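Heads up: the structure comes next, in structure tokens.
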Amino acid sequence: MIEFGHLTHPGLRRSLNEDSYYGDGELGLWLVTDGMGGQGCGEVASALAREAIVREVRAGHSLVHAIRLADEDIIQASRRRNASLPMGTTVVALRVQGPRFEVAWVGDSRAYLWKDGRLEQLSQDHILAHELVSKGAASTDEAAAHPQRNAITQALGVTDPTHLNVASLGGDLRPGMQVLLCSDGLSEDVRNAEIARILAYDDCSAQECVDTLVGAALDGGGTDNITAILVRCH
């Protein structure tokens, strides 16, 4: 049995919430999108990505293919708007089919796995620091000190479809496991140790855990929009 909780909050420093999310236990699909672009464009991009991914998964396409089509949809919408800057969004998504799960992402929205009393970050942020290290252009310490280390290198609507890196991984979803999807408004203001402590609560529902996580992000400064979805396997 799958149980999930979900919540989004604009944070304490933003008047507009450009995050979007979706959760459907029957479809076995959950996702978080974090828009960017200013002047409301981020909100549009994150919603377009959500709608495209849900539409394509419902049509029987794979999660990775659905995310690629979302990239194309946002690029076409940007061209119709004739905006000076493209609108874009990150995405992290979870698909559960039977005993298997798949996580796919673009950008710095994250997926975490709680298993056997331990928290593991499944996704790897598409940011400049990781790109520099992976290409051998900088050491880990040099990349960590780079002034643009957190600059996003991949985003839907911004990255050309021919260069889009939709990262994915999968595994078995067993009873007791939990998958957390979140925008960087949560991961930036809540340390992994605190996330693990909250997910370890055995007597809390998934929704109560999500409420506590978002509350922790607000207590940590609420510097950005905050969105979290927690999916539990019972």
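As a basis for the values below, the full set of heavy atoms in this structure was taken, side chains included, without hydrogen atoms, waters or symmetry mates. As the structure is a prediction and not an experimental result, all values here were calculated from the model.
- Taking 4.0 Å as the cut-off between side-chain N and carboxylate O, D73 and R55 count as a salt-bridged pair.
- A salt bridge does not link R110 with D184: none of the charged nitrogens is closer than 4.0 Å to a carboxylate oxygen.
- Contact detail for A77 and M87: the closest heavy-atom pair is CB-CE, 3.5 Å.
- Listed by chain and number, the residues in a side-chain hydrogen bond (donor to acceptor under 3.5 Å, both in side chains) with D34 amount to none (sequence neighbours excluded).
- Checked by atom type and distance alone, the side chain of R68 pairs as donor or acceptor with a backbone atom of L164 at under 3.5 Å.
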Atom pairs and distances, donor-acceptor, side-chain atoms in residues 93-100, under 3.5 Å, two or more places apart:
{"residue": "R95", "atom": "NE", "partner": "L27", "partner atom": "O", "Å": "3.3"}
{"residue": "R95", "atom": "NH2", "partner": "L27", "partner atom": "O", "Å": "3.3"}
{"residue": "R100", "atom": "NH1", "partner": "D172", "partner atom": "OD1", "Å": "3.0"}

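- Between E102 and V64, the closest side-chain pair of non-hydrogen atoms falls below 4.5 Å.
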Checking S20 against S46 for the side chain to side chain donor-acceptor pair (under 3.5 Å) test, could you report, in this order, the C-alpha distance in whole Å, the side-chain angles of both residues, the deciding distance, and whether it holds? CA-CA 6 Å; S20 185; S46 64; 4.8 Å; no
From CA spacing to verdict: side chain to side chain donor-acceptor pair (under 3.5 Å), N17, T8: CA-CA 8 Å; N17 192 344; T8 189; 3.0 Å; yes
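- W30 and G23 make their closest contact through CD1-CA, 3.4 Å (heavy atoms, listed as atom of the first residue, atom of the second, distance).
- A heavy-atom distance below 4.5 Å is not found between the side chains of I75 and D160.
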Using the side chain to side chain donor-acceptor pair (under 3.5 Å) rule, take D24 and Y22 through it: C-alpha gap first, then chi angles, then the decisive distance, then the call. CA-CA 7 Å; D24 187 335; Y22 180 84; 2.9 Å; yes
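- Surrounding NE2 of H234 are more than 12 heavy atoms belonging to other residues, nucleotides or ligands, all under 6.0 Å away.
- The aromatic rings of Y21 and H6 lie tilted to each other, with the angle between the two planes from 30° to 60°.
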